[in-house]
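To start, the structure under review is shown below, and the notes come after it.
Computation of the quantities below employed the complete heavy-atom set of this structure, encompassing side-chain atoms and omitting hydrogens, waters and symmetry-equivalent molecules. Starting from 1, each residue takes its place in the sequence as its number.
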Amino acid sequence: MRNGIEAAEYAAEVQRVVRYLGVSNGNMQEGSLRCDVNVSIRPVGQSEFGTKVEIKNLNSFSSISRAIDFEIERQALLHSQGQGDQIFQETRLWEEGSQKTVTMRKKEGLSDYRYFPEPDLPEVILTEEYVDSIHGSLPELPEVKRRRYEKMGLSMQDVLFLANDINVAQFFDATLEMGADVKLAANWIMSDIAAYMKNEKLSIDEVKLTPEELAELIASIKSGTISGKIGKEILFELLAKGGTVKGIIKEKDLVQIVDPSEIEKMVDKVLSENPKQLEQYRGGKTKLEGFFAGQVMKISKGKANPGLLNKILLEKLTAKS
């Protein structure tokens, strides 16, 4: 590896694999995953790497990245000053406060590592069949999942977000199994659901919403039963309290109004109650269309079909008085 970012991303992928396999929660800040790094540099034209330096006390991916980049710069500076012999095989610590590595202990050679056979640990012999059986039992790992999501037509931003957390990925996959549109499911999870989880400091398996109900919500908006705006209101209720989409729609009478004559009556009412704004609109202040649409939505309690509303409203506004 050639820089800090590369090494930090490698460590992050190890964390993802550990979490996907259920081996550990992989939380670095709790010590569930630890990382020490070895840094040695090789000036251009030199075939062998220089003296290896080990860095300990790295408890975040950002500290891995910064510690490696600092150590590369430190060693390169010594080389450029003709002091390459001042790079010792040693263990250094990363100091977060001062953002630099400092000597912890020096090691003269391999003997200082105290390498010797451990008499209490017998040989572990793994047969090829055993290794193959373990390999065959593995779940879909992060890299394979990312490639699968990519083939679905999702953007790299979507892919990285959805596959980063095993629980989010499982929620997404379960939603698709219920017949939800790939892109719509990704958008709901990455926008409103992710924002809710961040605000409430919850993980996706702690919210009350189920993949089945997210799929039902997407289908209800797609079929025109409810509008996108009402869909959002239902979503937040499902996230906080649970329940079903159909139950909430019925309980709160949220079915979208798609009867043109009903919407037309509301538009007529709004225009007759706002003659001044109507005159201004017809005088060239066309931005007032949004005002009229908002008033109709208010009367309909957000249930008027937006497409029908805009069509009828525009026809009425441009009609000759």
Side-chain angles (χ1 to χ4, degrees), residues 149 152-155 157-159 161-163 165 167-267 270 289-314:
Y149 287 171
M152 288 178 180
L154 292 171
S155 70
Q157 184 186 359
D158 294 352
V159 168
F161 179 92
L162 294 166
D165 182 331
N167 296 317
V168 171
Q170 286 171 343
F171 191 98
F172 175 63
D173 286 339
T175 305
L176 298 190
E177 281 169 22
M178 297 293 154
D181 177 87
V182 173
K183 188 59 185 165
L184 291 175
N187 287 349
W188 280 98
I189 291 170
M190 290 178 64
S191 55
D192 296 288
I193 296 172
Y196 177 84
M197 292 191 305
K198 188 178 178 183
N199 291 339
E200 300 297 321
K201 296 181 173 57
L202 295 171
S203 61
I204 201 155
D205 47 355
E206 290 174 318
V207 300
K208 300 283 196 295
L209 173 73
T210 64
E212 292 84 352
E213 290 311 313
L214 177 58
E216 181 64 37
L217 184 69
I218 292 167
S220 298
I221 295 168
K222 215 171 174 183
S223 67
T225 305
I226 55 171
S227 65
K229 183 174 178 289
I230 283 176
K232 279 196 178 193
E233 290 172 22
I234 293 173
L235 176 76
F236 289 117
E237 181 154 342
L238 291 170
L239 284 165
K241 299 176 186 174
T244 66
V245 174
K246 285 177 179 170
I248 295 170
I249 290 172
K250 190 177 177 185
E251 181 196 334
K252 300 193 173 182
D253 186 27
L254 298 173
V255 177
Q256 193 165 226
I257 299 167
V258 290
D259 180 352
S261 61
E262 204 176 327
I263 293 173
E264 191 175 353
K265 283 176 194 169
M266 294 181 201
V267 171
V270 167
E289 186 184 344
F291 162 77
F292 294 119
Q295 292 302 303
V296 175
M297 274 298 185
K298 202 172 173 183
I299 293 171
S300 72
K301 294 178 183 169
K303 292 191 287 180
N305 177 285
L308 263 179
L309 163 58
N310 289 333
K311 182 175 174 287
I312 293 166
L313 178 61
L314 197 59

Gap between atom CG of Asp253 and atom CD1 of Ile248 - 0.5 Å precision: 14.0 Å
Crowding at NZ, Lys183 (>12 non-hydrogen neighbours, <6.0 Å): yes
Is there side-chain contact between Phe172 and Leu154, with at least one heavy-atom pair below 4.5 Å? yes
Mind jotting down which residue pairs meet the salt bridge (charged side-chain N to carboxylate O under 4.0 Å, His left out) criterion with at least one end in residues 198-219? Sequence neighbours excluded, please. none
Review item, side-chain donor-acceptor pairs of residues 254-266, under 3.5 Å, at least two apart:
residue: Gln256; atom: NE2; partner: Gly224; partner atom: O; Å: 2.6
residue: Asp259; atom: OD1; partner: Ser261; partner atom: N; Å: 3.1
residue: Asp259; atom: OD1; partner: Ser261; partner atom: OG; Å: 2.8
residue: Asp259; atom: OD2; partner: Ser261; partner atom: OG; Å: 3.3
residue: Glu264; atom: OE2; partner: Lys316; partner atom: NZ; Å: 2.9

Pairs of donor and acceptor atoms involving the side chains of residues 235-246, under 3.5 Å and at least two apart or interchain, shall be tabulated with distances.
residue: Glu237; atom: OE1; partner: Lys252; partner atom: NZ; Å: 2.6
residue: Thr244; atom: OG1; partner: Gly247; partner atom: N; Å: 2.9

Using every non-hydrogen atom in the two residues, find where Ala293 and Leu313 come nearest and quote the distance to one decimal. N-CD2, 3.7 Å
Thr175 side, atom OG1; Leu209 side, atom CG - distance, nearest 0.5 Å: 7.5 Å
Indicate yes or no: at least one non-hydrogen side-chain atom of Ile234 is less than 4.5 angstrom from one of Leu217. yes
Does the pair Asp192 and Tyr196 meet the rule for a side-chain contact (heavy atoms from CB on, under 4.5 Å), with working shown? CA-CA 6 Å; Asp192 296 288; Tyr196 177 84; over 6 Å; no
pair Asp173-Tyr149: side-chain heavy atoms closer than 4.5 Å: yes
Grab the two heavy atoms, one from Pro306 and one from Met297, that are nearest each other, plus how far apart they are. CG-CE, 4.0 Å
pair Leu214-Phe171: side-chain heavy atoms closer than 4.5 Å: yes
Looking at side-chain heavy atoms only, is the closest gap between Trp188 and Ile221 below 4.5 Å? yes
